[in-house]
Q: 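I have a structure here, written as structure tokens, and I will follow up with some questions on it.
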Amino acid sequence: MPGWVHSELSKLVFKFFWKGKPDLVARVVVTQPTAAGGFSVVDIKSKVFSLLVQWVRRFSSSPSGWVSFFSYWCSVLLGKPASDVFACPSAFSTNSFPPFYRDLLVAWKEVDGSFSERRSSLIFASSSPHHVAAVSCMTSKCVYSFLMSESRGDPHCVEKFLPLYGVLYWPTTWRQLFFFDLDRPVIDLCWKIAHGVLFTADRLIGFGYSIDPSCFCGLASECLPHLFFSCPLAQSALSWLQSLMFRFSSLSPSLVCRHVLFGFSPDEVRSIPRIFVYMLNVCKFCIWKVRNDFRFRDVPPGACVVIEMVKSRVRFFLPLLFKRFKSPRRRRLFHRQWGASGVIGSVVDSRFFLSAF
């Protein structure tokens, strides 16, 4: 793939992802799996490499006519058989090869390809104990997964929030964002909140914009902790959600600021139904929507409006999720995790009924 094609494809992909707006999170993070804080956006370069190295598997397991051409170039340019070149690709210069074979060898170097005496086979990911495998088992998917793991790093938010909240449970934060995968707008917003890139007033002022820094409550400047937790509007919505959680169990965790911004800890996630994780995310989404209505349309905010918006969203999406739960065992799980054992809804005679909350 020519360099200009890679550049143009990457621009198109990220322009689509960010809806034509500037990138808010580093691309190396966005391309990571959702469990690592990314969004699984395709990394073009790694995808091309993972496809190219499949020719090494073909060379090893089912050689065809192209092998003769590759062997010819190896013998003419390097004076070595092709198997020796694949066994130790870093020992040879590939600059004089034709473009396809040059890129193939570059990709083989990138995936850490070599020869294993113990396996008597070519292998990839030779320095990674979690990914190393013989080329006969090499698929594009596993190679791409290895390349992504090699480029993985902590998102900027880990360091950004460390002084304020200490060491957080980031893998659990990312995992619970996708508990309810039907409601994509809610996932998108909460992902931005966890990364600390949402365009609140304090962030816009930091970019040099001249705007009113105050929250619509008029009590403090608009920042993530205030808007989604300390603001009276947020407190009203969270108090309502807290009452539902205590109805389910008096041992439910009391909501604090870190819950609102980063979700529940691993132990807390295991102790509460998933519906409350989703409803907390919906509360943030509705607060943000009311905030935008106030700033751009002069619509007065209200706690009752936020709570009714949350109820409306739950009433719409939960029956859709229930359709995925077919077996009696799965429906019992739905009753416990998504109906909160009757607090939010109940499964009766293979039908789901929402409570009048």
Side-chain angles (χ1 to χ4, degrees), residues 1-16 23 26-33 38 40-153:
M1 178 183 289
W4 69 268
V5 175
H6 170 260
S7 177
E8 287 299 315
L9 278 176
S10 295
K11 286 180 183 178
L12 289 171
V13 167
F14 286 97
K15 184 177 180 180
F16 172 79
D23 293 11
R27 292 183 178 184
V28 70
V29 174
V30 176
T31 55
Q32 292 297 326
S40 295
V41 173
V42 174
D43 181 88
I44 304 296
K45 184 178 181 180
S46 297
K47 179 62 73 174
V48 169
F49 282 164
S50 66
L51 294 171
L52 272 174
V53 296
Q54 297 309 305
W55 289 93
V56 182
R57 177 173 58 82
R58 297 183 183 105
F59 171 87
S60 177
S61 59
S62 56
S64 56
W66 82 274
V67 172
S68 300
F69 289 99
F70 182 70
S71 300
Y72 166 78
W73 287 112
C74 288
S75 62
V76 168
L77 298 176
L78 302 176
K80 295 286 185 179
S83 56
D84 287 359
V85 177
F86 281 135
C88 190
S90 59
F92 302 98
S93 173
T94 60
N95 295 332
S96 55
F97 274 79
F100 172 75
Y101 301 117
R102 183 183 65 242
D103 290 349
L104 170 59
L105 290 172
V106 169
W108 184 237
K109 291 178 184 178
E110 286 292 323
V111 303
D112 207 5
S114 65
F115 183 82
S116 171
E117 297 286 350
R118 184 173 65 85
R119 297 171 183 257
S120 298
S121 167
L122 291 173
I123 59 173
F124 79 99
S126 57
S127 62
S128 172
H130 303 294
H131 294 87
V132 62
V135 291
S136 57
C137 306
M138 183 172 64
T139 63
S140 297
K141 182 177 180 180
C142 66
V143 173
Y144 184 79
S145 176
F146 164 69
L147 290 172
M148 287 292 95
S149 68
E150 289 295 287
S151 64
R152 187 171 299 174

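Here, residue 1 is the first one in the sequence, and each next residue gets the next number.
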Q: Can you find a heavy atom in the side chain of W55 that is under 4.5 Å from one in the side chain of W66?
A: yes
Q: How about K45: does its NZ atom have over 12 heavy atoms from other parts shown lying under 6.0 Å from it?
A: no
Q: Looking only at non-hydrogen atoms, find the nearest pair between S93 and L78 and report the distance.
A: O-CD2, 3.7 Å
Q: Can you confirm whether T31 sits close enough to S40 that some side-chain heavy atom of one is under 4.5 Å from a side-chain heavy atom of the other?
A: no
Q: Report the distance from atom CD of E150 to atom OG of S46, rounding to the nearest 0.5 Å.
A: 10.5 Å
Q: Would a 4.5 Å heavy-atom cut-off, applied to side chains only, mark V67 and R58 as touching?
A: no
Q: Between the main-chain N or O of R57 and the side-chain N or O of S61, is there a donor-acceptor pair closer than 3.5 Å?
A: yes
Q: So, taking the atom named CE in M138 and the one named OG in S121, what distance separates them when rounded to the nearest 0.5 Å?
A: 9.5 Å
Q: Please report the closest heavy-atom contact between P81 and C74, naming both atoms and the distance.
A: C-CB, 4.4 Å
Q: Under 6.0 Å from the ring centre and within 45 degrees of the ring axis: does the NZ or CZ of K80 meet both conditions for the six-membered ring of F92?
A: no
Q: Do any N or O atoms from the side chain of S126 and from the backbone of D112 form a donor-acceptor pair under 3.5 angstrom?
A: yes
Q: Quick one: do the S151 and Q32 side chains pair a donor with an acceptor below 3.5 Å?
A: yes
Q: Closest approach of L52 and D103, non-hydrogen atoms and distance?
A: CD1-O, 3.7 Å
Q: Check F115 against L122 and note the closest heavy-atom contact, atom names and distance.
A: CD1-N, 3.8 Å
Q: Compare all side-chain heavy atoms of V106 with those of F49 and state whether any distance is below 4.5 angstrom.
A: yes
Q: Got a second to check how far S149's OG is from H131's NE2, nearest 0.5 Å?
A: 4.0 Å
Q: Working to the nearest 0.5 angstrom, can you tell me the gap between K47 NZ and H6 NE2?
A: 13.0 Å
Q: Once rounded to the nearest 0.5 Å, what's the spacing between atom CH2 of W4 and atom CG of L9?
A: 8.5 Å
Q: Apply salt bridge (charged side-chain N to carboxylate O under 4.0 Å, His left out) to the pair D23 and R27, showing each step before the final yes or no.
A: CA-CA 8 Å; D23 293 11; R27 292 183 178 184; 2.8 Å; yes
Q: Heavy atoms only: give me the nearest P129-S127 pair and the separation to one decimal.
A: CD-O, 3.6 Å
Q: If you take all heavy atoms of W108 and V53, which pair is closest and at what distance?
A: N-CG1, 3.8 Å
Q: Would V13 and E8 count as a side chain to side chain contact (heavy atoms under 4.5 Å, CB included) here? Give the steps.
A: CA-CA 9 Å; V13 167; E8 287 299 315; over 6 Å; no
Q: A side-chain contact here means heavy atoms from C-beta on lying under 4.5 Å apart; do V85 and L105 qualify?
A: yes
Q: Measure the shortest side-chain to side-chain distance between D43 and L147 over non-hydrogen atoms and say whether it is less than 4.5 angstrom.
A: no
Q: Find out whether I44 and M1 are in side-chain contact, i.e. whether some heavy atom of one side chain is under 4.5 Å from a heavy atom of the other.
A: yes
Q: More than 12 non-hydrogen atoms from neighbouring residues, nucleotides or ligands closer than 6.0 Å to CZ on F100, yes or no?
A: yes
Q: Working to the nearest 0.5 Å, report the span between CD1 of I123 and OG of S60.
A: 12.0 Å
Q: When you compare the side chain of S7 with that of K11, does any pair of heavy atoms fall below 4.5 Å?
A: yes
Q: Would you please test F124 and F86 for ring-ring contact (aromatic ring centres under 6.0 Å, His included) and show each step?
A: CA-CA 10 Å; F124 79 99; F86 281 135; over 10 Å; no
